[in-house]
Amino acid sequence: MWSSGAERPQERVGRDACPHSWPYMAALQNKNLTVFCGGALVEEQWVLTAAHCLFNKSKHTVVLGAHQPSTIINETEQQRFKVIRSFRNPQYDSSSFENDIMLLKLSGAAKLNKYVKRLPLPDSFEDLKPGTRCKVAGWGVTSTRWQSKYLQKAKLKIVSRESCNSKYANKPKITNNMLCAAEEDPRCLRDACWEDSGGPLICAGRYSGIISFGRGCGEGGIPGVYTRLTKSYINWIKKTISCHRDP
């Protein structure tokens, strides 16, 4: 979900990522192999994503090690799992997008190799300064108005909450639990978009956020909004995994 009304974006520009250069990426996929959200592998049996990515255990699959997740035969690096449990943050608010974070417990443990790796959770929690350089990736909607066949990446920079709130007119309000990021060059339209939700935001080499929502995709200088990985969220993640880990 990318909150901007029913219309698709006019344009969204990214670049093909080098195959398997984001080995922690997870693709959340429906029965017809369409990716509807992204995520990151944080433990061998756990994927972190956005709470608004409505996951149906009987219909959906998590794919690891994919560059082209819609292809099964040609990508032997892929590992596919069902989800046995999902854990939304209990304070998630669908109207404000506050606490837009969710854990998925996979049906088995991922086999770690050069194609499938964990993304370490942050161990420091200072706020990111405006201008901090970030990167994001996903299989969402592109300039063709269709999903990308291959994993796309884009470079962004952090935007101040004050500036971000002015763009959104406090609807919803951008809180300290959120980060805003936009393309460095306002003439470009690089941004996360539909079906990228849940994917990781990497800033200054650190897992810093989760793709949450936006208005349009790179349009009108409006930044995308990300769930910020705060100390409180990290504690919730670690507690949830610890309490529900297989014996």
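Quick note: residue numbers are just sequence positions, from 1.
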K.L.:
With a 4.5 Å cut-off on side-chain heavy-atom distances among I, L, V, M, F, W and Y, is there a chain of contacts connecting V63 to W46?
P.N.:
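As far as the 4.5 Å side-chain criterion goes, W46 and V63 are not connected within one cluster.
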K.L.:
Quick check: is I174 connected to V159 through a chain of hydrophobic side chains (ILVMFWY, heavy atoms under 4.5 Å apart)?
P.N.:
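No, because V159 and I174 fall into different hydrophobic clusters, even though each may have its own neighbours under 4.5 Å.
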K.L.:
Could you state the interatomic distance from CG (N235) to OG (S242), rounded to the nearest 0.5 Å?
P.N.:
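So the gap between those two atoms works out to 12.0 Å.
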K.L.:
Is there a donor-acceptor pair closer than 3.5 Å between any side-chain N or O of D196 and the backbone N or O of C37?
P.N.:
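Here the side-chain-to-backbone pair does not exist.
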K.L.:
Is there a side-chain contact (heavy atoms from CB on, under 4.5 Å) between I210 and Y226 once you walk through the steps?
P.N.:
CA-CA 5 Å; I210 297 168; Y226 302 77; 5.9 Å; no
K.L.:
Supply the atom-to-atom distance I202 CD1 to K155 NZ, rounded to the nearest 0.5 angstrom.
P.N.:
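Nearest 0.5 Å value for the CD1-NZ distance: 14.0 Å.
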K.L.:
Which pair of non-hydrogen atoms, one from V35 and one from A27, has the smallest distance, and what is that distance?
P.N.:
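Smallest heavy-atom distance, with atoms named: CG2-CB, 4.0 Å.
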K.L.:
Going from OG1 on T34 to CH2 on W139, what distance comes out if it is rounded to the nearest 0.5 angstrom?
P.N.:
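Rounded to the nearest 0.5 Å, the OG1-CH2 separation comes to 13.5 Å.
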K.L.:
When the ring planes of Y168 and F213 are compared, do they come out parallel, tilted or perpendicular, using 30° and 60° as the limits?
P.N.:
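Taking F213 first and then Y168, their aromatic rings stand perpendicular (interplane angle over 60°).
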K.L.:
Kindly compute the distance separating CZ (R133) from NZ (K157), expressed to the nearest 0.5 Å.
P.N.:
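One finds 9.0 Å between CZ of R133 and NZ of K157.
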K.L.:
Over all heavy atoms of both residues, which pair between C203 and T132 is shortest? Give the atoms and the distance, please.
P.N.:
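Minimum heavy-atom separation between C203 and T132: CB-CG2, 4.2 Å.
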K.L.:
Tell me which donor-acceptor pairs under 3.5 Å the side chains of residues 117-131 have, and how far apart each pair is, sequence neighbours excluded?
P.N.:
residue : atom : partner : partner atom : Å
S124    : OG   : R206    : NH1          : 3.0
E126    : OE2  : R206    : NH1          : 3.2
D127    : OD1  : R161    : NH2          : 3.0
D127    : OD2  : R161    : NH1          : 2.7
D127    : OD2  : R161    : NH2          : 3.3

K.L.:
Would you say F81 and T61 make side-chain contact, with heavy atoms under 4.5 Å?
P.N.:
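A side-chain contact is absent here, since even the closest heavy-atom pair is not under 4.5 Å.
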K.L.:
Applying side-chain contact (heavy atoms from CB on, under 4.5 Å), run through I101 and I237 and close with a yes or a no.
P.N.:
CA-CA 9 Å; I101 183 170; I237 291 167; 4.0 Å; yes
K.L.:
Do Y115 and Q79 have side-chain heavy atoms sitting under 4.5 Å apart?
P.N.:
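Not in contact.
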K.L.:
If only atom types and distance count, is the side chain of N113 paired as donor or acceptor with the main-chain N or O of V116 below 3.5 Å?
P.N.:
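At least one qualifying donor-acceptor pair exists.
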K.L.:
Do K59 and N30 pass the side-chain contact (heavy atoms from CB on, under 4.5 Å) test, and can you show the C-alpha distance, the side-chain angles, and the key distance before you say yes or no?
P.N.:
CA-CA 6 Å; K59 296 180 180 180; N30 60 26; 6.0 Å; no
K.L.:
As an exercise, state the distance from CE of M25 to NE2 of H20, rounded to the nearest 0.5 Å.
P.N.:
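Nearest 0.5 Å value for the CE-NE2 distance: 13.0 Å.
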K.L.:
Ignoring hydrogens, what is the shortest heavy-atom contact between P223 and C180? Give both atom names and the distance.
P.N.:
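So the minimum-distance heavy-atom pair works out to CB-CB, 4.0 Å.
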K.L.:
Are L106 and L41 packed together at the side-chain level, in the sense that at least one heavy-atom pair is separated by less than 4.5 angstrom?
P.N.:
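Side chain of L106 against side chain of L41, heavy atoms only: contact under 4.5 Å found.
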K.L.:
Would you please classify the geometry between the H52 ring and the F97 ring as parallel, tilted or perpendicular, with 30° and 60° separating the classes?
P.N.:
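Correct class here is perpendicular.
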K.L.:
May I have all residue pairs that pass salt bridge (Lys or Arg N to Asp or Glu O under 4.0 Å) and include part of residues 95-114, sequence neighbours excluded?
P.N.:
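For residues 95-114: K105-D246.
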K.L.:
Can you tell me if NZ on K82 sees more than 12 non-hydrogen neighbours from other groups inside 6.0 Å?
P.N.:
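Buried by this count: over 12 neighbours within 6.0 Å.
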K.L.:
Mind checking ring pair (Phe, Tyr, Trp, His ring centres under 6.0 Å) for Y24 and listing every partner two or more places apart, or none if nothing turns up?
P.N.:
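Per chain and number, Y24 pairs via ring pair (Phe, Tyr, Trp, His ring centres under 6.0 Å) with W22.
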K.L.:
For the residue pair F36 and H60, does the interplanar ring angle fall in the parallel (under 30°), tilted (30 to 60°) or perpendicular (over 60°) class?
P.N.:
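Because their plane-to-plane angle lies in the 30° to 60° range, the rings of F36 and H60 count as tilted.
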K.L.:
Give a yes or no on whether V47 and L112 share a hydrophobic cluster (residues Ile, Leu, Val, Met, Phe, Trp, Tyr; joining criterion: side-chain heavy atoms under 4.5 Å apart).
P.N.:
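Yes; tracing contacts between hydrophobic side chains, which count when under 4.5 Å, links both residues.
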K.L.:
Within a strict 4.5 Å, meaning less than it, do heavy atoms of the N177 and N99 side chains meet?
P.N.:
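Side chain of N177 against side chain of N99, heavy atoms only: contact under 4.5 Å found.
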K.L.:
Do K57 and L104 make a side-chain contact, defined as non-hydrogen atoms from C-beta onward lying under 4.5 Å apart?
P.N.:
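Counting from C-beta outward, K57 and L104 never come under 4.5 Å.
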K.L.:
Going from CG on L103 to NZ on K239, what distance comes out if it is rounded to the nearest 0.5 angstrom?
P.N.:
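The NZ atom of K239 is 13.5 Å from CG of L103, to the nearest 0.5 Å.
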K.L.:
Identify the two heavy atoms, one from S163 and one from S166, that lie closest to each other, and give their separation to 0.1 Å.
P.N.:
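Heavy-atom minimum between the residues: O-OG, 2.5 Å.
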K.L.:
Do you know which two heavy atoms are closest between I84 and S107, and how far apart they sit?
P.N.:
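Here I84 and S107 meet closest at CG2-CA, 3.8 Å.
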K.L.:
Quick one: do N89 and T227 satisfy side-chain contact (heavy atoms from CB on, under 4.5 Å)? Show the steps, please.
P.N.:
CA-CA 12 Å; N89 187 285; T227 301; over 6 Å; no
K.L.:
According to the interplanar angle, ranging from 0 to 90°, do the rings of Y150 and H67 count as parallel (below 30°), tilted (30 to 60°) or perpendicular (above 60°)?
P.N.:
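The rings of Y150 and H67 lie parallel, inter-plane angle below 30°.
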K.L.:
Is any side-chain heavy atom of T49 less than 4.5 Å from a side-chain heavy atom of F55?
P.N.:
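Side chain of T49 against side chain of F55, heavy atoms only: no contact under 4.5 Å found.
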K.L.:
For the residue pair L179 and S208, what are the closest heavy atoms and their distance?
P.N.:
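Scanning both residues completely, I find the closest heavy atoms to be CD1-O, 3.6 Å.
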